[in-house]
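So the structure is just underneath, and the comments pick up after that.
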Amino acid sequence: MIKILVPTDFSNHSKAGICFAIQWATQQKAELVFIHILAIAKLTSWTDNFTRKSVTKELSLAQQKIEKFVSGIYKNLKVTPGKYTCVAKEGLHADLDVMEYCKKDPSID
């Protein structure tokens, strides 16, 4: 089974890309990995502990958002979900962070 990475920024354009990926995955029996890269502001006046808590909270919210976004698209398409995962990661440059994610997971085609 092939594994395809599908980035999203929750825009209508990325929604269209997700719809395409879902349709393609149903035909190819592919596993999908939906990813959102989140740039999190960190103030220099924050303590390390507060920064960690803030980042954890923001990533948790982003994880919930991507899961809801993707499941909603499956529902709207009336497609039974195949194998997929949703990932929210912290990063500054979405393009570079997506490439780095792919390097760390060699099973992504």
Side-chain angles (χ1 to χ4, degrees):
M1 178 181 284
I2 61 173
K3 189 182 214 181
I4 307 299
L5 188 72
V6 185
T8 183
D9 62 1
F10 307 115
S11 68
N12 285 333
H13 292 294
S14 70
K15 184 177 181 180
I18 289 173
C19 290
F20 176 82
I22 289 171
Q23 295 294 345
W24 186 46
T26 59
Q27 296 170 5
Q28 300 295 318
K29 305 296 185 225
E31 176 182 351
L32 299 175
V33 178
F34 301 99
I35 187 169
H36 175 67
I37 305 298
L38 180 66
I40 301 173
K42 300 173 195 167
L43 299 179
T44 56
S45 60
W46 290 355
T47 65
D48 289 343
N49 189 42
F50 185 82
T51 299
R52 274 191 300 278
K53 287 180 182 179
S54 178
V55 168
T56 300
K57 180 180 177 184
E58 290 298 319
L59 284 173
S60 177
L61 291 171
Q63 183 67 36
Q64 291 171 23
K65 184 175 181 178
I66 192 172
E67 289 171 3
K68 184 176 179 181
F69 187 69
V70 169
S71 67
I73 293 171
Y74 271 106
K75 186 176 180 179
N76 287 341
L77 291 174
K78 298 179 180 148
V79 173
T80 302
K83 187 172 182 181
Y84 77 91
T85 55
C86 294
V87 177
K89 301 282 290 177
E90 179 188 10
L92 295 176
H93 304 285
D95 55 343
L96 299 176
D97 294 314
V98 165
M99 294 302 293
E100 188 63 30
Y101 185 84
C102 289
K103 286 180 187 176
K104 291 180 180 177
D105 185 349
S107 67
I108 294 175
D109 295 295

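Hydrogens, waters and symmetry mates play no part in the numbers below; they use all other heavy atoms, side chains included.
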Rounded distance (nearest 0.5 Å) linking atom OG of S54 with atom CD1 of I40: 7.0 Å

Main-chain N/O of A39 paired to E90 side chain as donor or acceptor, under 3.5 Å: no

N76 atom CG, over 12 foreign heavy atoms within 6.0 Å: yes

Heavy-atom side-chain contact between E58 and L38 under 4.5 Å: yes

ILVMFWY cluster, V79 and F69 together (side-chain gap under 4.5 Å): yes

Modelled atom types, side-chain donor and acceptor of D105 and S107, under 3.5 Å: yes

Atom CE of M1: over 12 foreign heavy atoms under 6.0 Å: yes

Within one Ile-Leu-Val-Met-Phe-Trp-Tyr cluster: V33 and V98, side-chain cutoff 4.5 Å: yes

Close side-chain approach of I37 to Y101, heavy-atom, < 4.5 Å: no

Reported CG-to-SG distance for the pair D97 and C102, which is rounded to 0.5 angstrom: 11.0 Å

Close side-chain approach of K15 to D9, heavy-atom, < 4.5 Å: no

From Q28 atom CD to D109 atom CG, the distance as rounded to the nearest 0.5 Å: 11.5 Å

From CD (E67) to OG1 (T85), nearest 0.5 Å: 9.5 Å

Geometric class of the W24/F20 ring pair [parallel <30°, tilted 30-60°, perpendicular >60°]: parallel

Side-chain donor/acceptor of H36 to backbone N/O of T8, under 3.5 Å: yes

Heavy-atom side-chain proximity of I35 to L5 below 4.5 angstrom: yes

Minimum side-chain heavy-atom gap I22-Y74 below 4.5 Å: yes

Nearest-0.5 Å distance, NZ of residue K65 to CZ of residue F10: 5.0 Å

ILVMFWY network linking I66 to L59, side-chain heavy atoms under 4.5 angstrom: no

Non-hydrogen side-chain atoms of I108 and I4 separated by less than 4.5 Å: no

Distance-minimising heavy-atom pair for F34 and L32: CZ-CD1, 3.5 Å

NZ on K57 to CG on L61, rounded to 0.5 Å: 6.5 Å

K29 side chain reached by I2 side chain, heavy atoms, under 4.5 Å: no

